[in-house]
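Computed over heavy atoms, backbone and side chain alike; hydrogens, waters and symmetry mates excluded.
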Amino acid sequence: MHQIDKILDLSTSDLLNAIQSLKRRLLLDIKQEDKTTYFSLNPVLKQYVLWKEEGS
């Protein structure tokens, strides 16, 4: 979370709400290894974001 906080200008509660919303919509994959949690976008959404970024 600390790394995300540095990149995004969101309050902690807004960030948690966004993560929960993406998770509910199955747009966020969450993996836990040891004591670390990894977040990644659903592959289809990730491809869309990359495509959209290229068009900007």
Side-chain angles (χ1 to χ4, degrees):
M1 290 290 251
H2 298 292
Q3 291 174 347
I4 295 173
D5 285 343
K6 291 178 186 175
I7 297 170
L8 300 175
D9 186 26
L10 293 174
S11 69
T12 302
S13 62
D14 286 342
L15 179 59
L16 290 174
N17 286 336
I19 290 171
Q20 289 172 346
S21 177
L22 289 169
K23 185 179 173 187
R24 275 194 311 273
R25 293 181 177 113
L26 304 174
L27 299 176
L28 188 68
D29 298 324
I30 301 173
K31 182 195 285 188
Q32 290 207 259
E33 291 181 12
D34 299 321
K35 294 181 180 181
T36 304
T37 304
Y38 298 94
F39 300 96
S40 63
L41 288 176
N42 172 289
V44 173
L45 179 61
K46 187 175 184 176
Q47 201 55 32
Y48 173 77
V49 169
L50 292 172
W51 173 77
K52 199 72 165 152
E53 196 173 270
E54 287 176 4
S56 296

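- Transitive grouping of hydrophobic side chains (ILVMFWY, heavy atoms separated by less than 4.5 Å) brings Leu22 and Phe39 into a common cluster.
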Using atom types as modelled, flag every donor-acceptor pair under 3.5 Å from a side chain in residues 26-36 to any protein atom, sequence neighbours excluded.
residue, atom, partner, partner atom, Å
Gln32, NE2, Thr37, OG1, 3.1

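- How far CG of Asn17 is from OG of Ser11: 8.0 Å, rounded to the nearest 0.5 Å.
- Between the CD1 atom of Ile19 and the CG atom of Leu15 there is a distance of 4.0 Å, given to the nearest 0.5 Å.
- Residues meeting the side chain to side chain donor-acceptor pair (under 3.5 Å) test with Arg25, sequence neighbours left out: Ser21.
- Under the rule for a side chain to side chain donor-acceptor pair (under 3.5 Å), Asn42 has no partner lying at least two apart in sequence or in another chain.
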